[in-house]
Undergrad: 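Quick one: the structure is below, questions incoming.
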There are 2 protein chains.
Amino acid sequence: MKNGISLKELASKLNLAPSTVSRALNDSYEISEATKKKVISMAEHLNYQPNPFARSLRENKSKTIAVIIPERINNFFAQVIDGIESITSEHGYHLLVYSTHEDVEKEKKIVSLLQNGRADAIVMSVSSQTSDISHLKNLYDRGLPILFFDRVCGEIPTTKFITNDYESAFEGTRHLIQQGCKRIAFLMLSKELSITRERYRGYLDALKKEGIEADSNLSICCSHQDEENIQLIKALLQSSDRPDGILASVEKLALSTYHAVKKNNLSIPDDLKVISFSNMSIPNLLNPSLTTITQPAEAIGQECAKILIKKLTKPRQPDLPNEVISLPSQLTIRESTLVR
Amino acid sequence: MKNGISLKELASKLNLAPSTVSRALNDSYEISEATKKKVISMAEHLNYQPNPFARSLRENKSKTIAVIIPERINNFFAQVIDGIESITSEHGYHLLVYSTHEDVEKEKKIVSLLQNGRADAIVMSVSSQTSDISHLKNLYDRGLPILFFDRVCGEIPTTKFITNDYESAFEGTRHLIQQGCKRIAFLMLSKELSITRERYRGYLDALKKEGIEADSNLSICCSHQDEENIQLIKALLQSSDRPDGILASVEKLALSTYHAVKKNNLSIPDDLKVISFSNMSIPNLLNPSLTTITQPAEAIGQECAKILIKKLTKPRQPDLPNEVISLPSQLTIRESTLVR
DNA sequence: TTGTAGGCGTTATCAT
DNA sequence: ATGATAACGCCTACAA
């Protein structure tokens with residue numbers, strides 16, 4: 001395929017030096033209004049498009065941001081990316097999007113592909129398998145701006161955007177207790193994840209505060225195989241001292257719970273109340289409708305992007321500060337936790 | 001941020017000429033095994049990473065594919081991208097992902113950003129607003145390989161991947177009729193879309209074949225504002241000659257139907273049977289579970305990617321052939337269309 | 001088999 | 001205000 005016209009060609013059409021044309025197009029101050037106009041109109045006429053790679057090579061920046069997420073088929077991550085894009089596209093940045101599929105090895109490969117300057121920065125949420133973080137440290141040490149959201153990596157001193165995981169889990173658990181639950185199970189994806197730890201803390205503290213003893217048999221570590229999880233939860237619900245409430249730290253585990261309950265001939269909320277962190281679009285079309293803790297996903301994406309754009313576009317910005325910024329989630333009570 | 005070491009630096013560490021090092025790393029035949037090994041081991045030791053922009057500039061290809069979709073918060077598109085990525089990543093390609101948010105103007109902007117070679121090819125599904133296609137024609141005329149999936153653009157002579165829209169809609173409609181529906185409504189996003197036209201044809205032909213007269217009042221063109229659609233469908237369901245069956249050509253319209261039904265105190269499937277094209281992960285957790293026509297989304301993505309990779313990696317490939325390739329959808333009957 | 005040199009398309013520096 | 005030149009990092013004729 002033939003790319004468009006080059007700066008040099010454009011210059012020769014105008015009988016000008018390439019540098020002059022460049023200045024005109026880049027709105028330099030050392031250029032006459034007259035030639036600037038001439039150049040711009042000719043550039044438009046010939047539909048001149050600067051070659052991004054020549055520019056990247058010259059300026060050592062790519063105008064590209066890499067986004068790494070654990071999975072695409074997940075509204076939360078899709079919303080975050082929408083949020084990021086809404087800001088970055090305004091500033092002429094492009095988004096390379098990678099999914100790790102919850103696989104650390106894939107994550108490492110992706111990260112290593114980004115060591116060569118292809119992206120000016122990285123926004124990511126780590127995979128549930130990620131415990132060794134040397135690959136991320138590596139990137140950080142090279143000076144590439146990294147920014148975490150949701151599933152953050154505490155060991156890397158950079159900016160992280162999360163929701164109020166602890167408080168939300170605390171409130172969610174308290175809500176279950178207020179609805180009469182005595183034995184509340186906590187479903188998690190992986191013990192390594194930052195969100196697991198914080199949400200679990202909130203869960204434990206709520207139990208404690210309400211004088212309920214935590215039962216370690218009710219802390220369930222699931223896999224990312226839905227079928228396995230359904231079996232696991234089904235077994236849990238068949239045990240003699242089965243839980244009467246469930247806090248799912250991620251959406252898919254709530255859905256697996258619904259499936260497991262169906263197979264067990266139990267009833268939500270009569271036999272089991274369920275609350276979940278979830279950004280699904282139709283919690284109210286489930287049967288019963290699902291009580292959710294919804295993260296401000298799009299806002300998280302936007303905030304990530306804003307801070308990044310500032311860092312990337314303003315001259316001599318300091319490194320991204322090592323801080324955790326929390327945007328509050330929203331608890332919406334629906335039928336799955338109601339007494340009837 | 002400091003990028004890694006350059007080829008030139010690597011060469012000087014080895015007391016070799018840059019060209020020699022380049023040859024060693026690119027596995028040229030005109031190089032001795034000995035130096036090749038030396039170079040490679042040193043390159044690994046120093047973690048040499050070629051600068052992608054220098055390479056792109058030199059070779060006039062970016063190793064990047066742009067994917068343009070109408071929305072991210074949609075399992076179908078997420079699955080397609082997963083499918084694309086599964087193939088392209090194996091070949092060292094990166095994915096720039098753009099969402100038009102169903103907005104032609106955004107689509108035009110995105111497309112114009114891709115005129116400068118930033119991507120080696122485009123895989124896209126057009127926005128529901130797209131009727132003027134000059135921006136796409138433009139791209140095509142520049143010789144940039146474009147490939148459409150799902151919502152294709154017939155006017156552009158290139159390869160398109162779709163599902164068997166006509167047949168699926170035909171079967172879906174017939175299924176509704178077999179379940180006793182006499183007045184079946186067809187919900188669409190936009191009359192312009194290729195998928196709308198094909199699915200509508202299938203719907204009409206099924207009616208005809210079963211001897212049911214089509215009623216133009218039952219062809220409902222919705223917007224992409226969920227709330228509006230719910231109102232629209234609610235009104236439809238309140239009319240005296242309301243439909244007793246609905247074929248939703250896209251998932252979100254089935255969901256709006258569920259919402260509308262809830263507000264109307266009607267019952268699915270007793271008062272209204274619903275079938276929908278949908279790739280949602282939990283059709284069986286809806287109340288009632290939703291009868292779906294599910295597209296082979298991931299396979300579509302993979303096929304797109306395969307044909308593209310072939311085109312991009314093999315020397316002097318012909319243009320992408322002007323053909324429509326159809327992968328069959330799957331009809332899964334659930335409660336929303338059952339007689340009880 | 002290895003080295004030298006030129007150019008991909010920009011932009012910044014220096015000279016005019 | 002404009003032009004000439006060099007450089008970003010890589011690859012590939014061409015020369016040795």
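Chain A is the first sequence line, chain B the second, and so forth, proteins listed ahead of strands; every chain is numbered from 1.
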Undergrad: Please determine, for the side chain of A:Ala54, which listed nucleotide (C:dT10, C:dT13, D:dA1) has the closest atom?
TA: C:dT10
Undergrad: Could you tell me whether the side chain of B:Ser125 and the main chain of B:Arg151 form a donor-acceptor pair under 3.5 Å?
TA: yes
Undergrad: Which of the following nucleotides, D:dT2, C:dT2, C:dT10, is nearest to the side chain of A:Ser6?
TA: C:dT10
Undergrad: CZ of A:Arg23 versus P of D:dG3: gap in Å, rounded?
TA: 8 Å
Undergrad: So what does B:Pro18 hit on the nucleic acid, given a heavy-atom distance under 4.0 Å: a base, only sugar-phosphate, or nothing?
TA: nothing
Undergrad: Do the side chains of A:Leu96 and A:Ile65 get nearer than 4.5 Å, heavy atoms only?
TA: no
Undergrad: Nearest whole Å is fine: how far is C:dG9 C1' from A:Asn26 CG?
TA: 13 Å
Undergrad: Across the strands shown, which category fits A:Ser22 at heavy-atom distances under 4.0 angstrom: base, sugar-phosphate, nothing?
TA: base
Undergrad: Could you give the CD1-to-P distance, from A:Ile31 to D:dG3, as a whole number of Å?
TA: 8 Å
Undergrad: With a 4.5 Å limit on heavy-atom distance, are the side chains of A:Met124 and A:Glu107 in contact?
TA: yes
Undergrad: Of the candidate nucleotides D:dG9, D:dG3, D:dA1, which contains the atom at the shortest distance from the side chain of B:Asn51?
TA: D:dG9
Undergrad: In whole Å, what is the span from the CD atom of A:Glu59 to the P atom of C:dG9?
TA: 17 Å
Undergrad: Measure from the side-chain N and O atoms of A:Ser62 to the backbone N and O of A:Asp120, and report whether any donor-acceptor pair falls under 3.5 Å.
TA: yes
Undergrad: Without decimals, in angstroms, what is the distance between B:Phe53 CZ and D:dC10 P?
TA: 12 Å
Undergrad: Between A:Lys8 and B:Lys36, which residue's closest nucleotide on DNA chain C lies nearer the 5′ terminus?
TA: B:Lys36
Undergrad: Could you tell me how far apart A:Asn116 (CG) and D:dC8 (P) are, to the nearest whole angstrom?
TA: 18 Å
Undergrad: Do A:Val104 and A:Asp132 come within less than 4.5 Å of each other through their side chains, counting heavy atoms only?
TA: no
Undergrad: From C:dG3, D:dT2, D:dG3, pick the nucleotide closest to the side chain of A:Thr35?
TA: D:dT2
Undergrad: Could you tell me whether A:Gln49 contacts a base, only the sugar-phosphate backbone, or nothing, with contacts defined as non-hydrogen atoms closer than 4.0 Å?
TA: sugar-phosphate
Undergrad: Ignoring the backbone of B:Leu57, work out which of D:dA4, C:dT10, C:dG9 is nearest its side chain.
TA: C:dG9
Undergrad: Touch check for B:Tyr48, heavy atoms < 4.0 angstrom, all strands: base, sugar-phosphate only, or nothing?
TA: sugar-phosphate
Undergrad: Take the protein atom OH of B:Tyr29 and the nucleotide atom C1' of D:dT12, then report the distance between them rounded to whole Å.
TA: 11 Å
Undergrad: So do B:Val324 and B:Ile162 actually touch side chain to side chain, heavy atoms under 4.5 Å?
TA: yes
Undergrad: Distance criterion of 3.5 Å, no angle test: do you see the side chain of A:Ser32 paired donor-to-acceptor with the base of D:dA1?
TA: no
Undergrad: Please pick, from D:dA1, D:dC14, C:dT10, the nucleotide with the shortest atom-to-atom distance to any side-chain atom of A:Glu30.
TA: D:dA1
Undergrad: Hey, does A:Ser56 reach any base, or is it just sugar-phosphate, or nothing, if we go heavy atoms under 4.0 Å?
TA: nothing
Undergrad: For the pair made of CD in A:Glu9 and C1' in C:dT10, what is the distance, rounded to whole Å?
TA: 14 Å
Undergrad: Across the strands shown, which category fits A:Leu7 at heavy-atom distances under 4.0 angstrom: base, sugar-phosphate, nothing?
TA: base
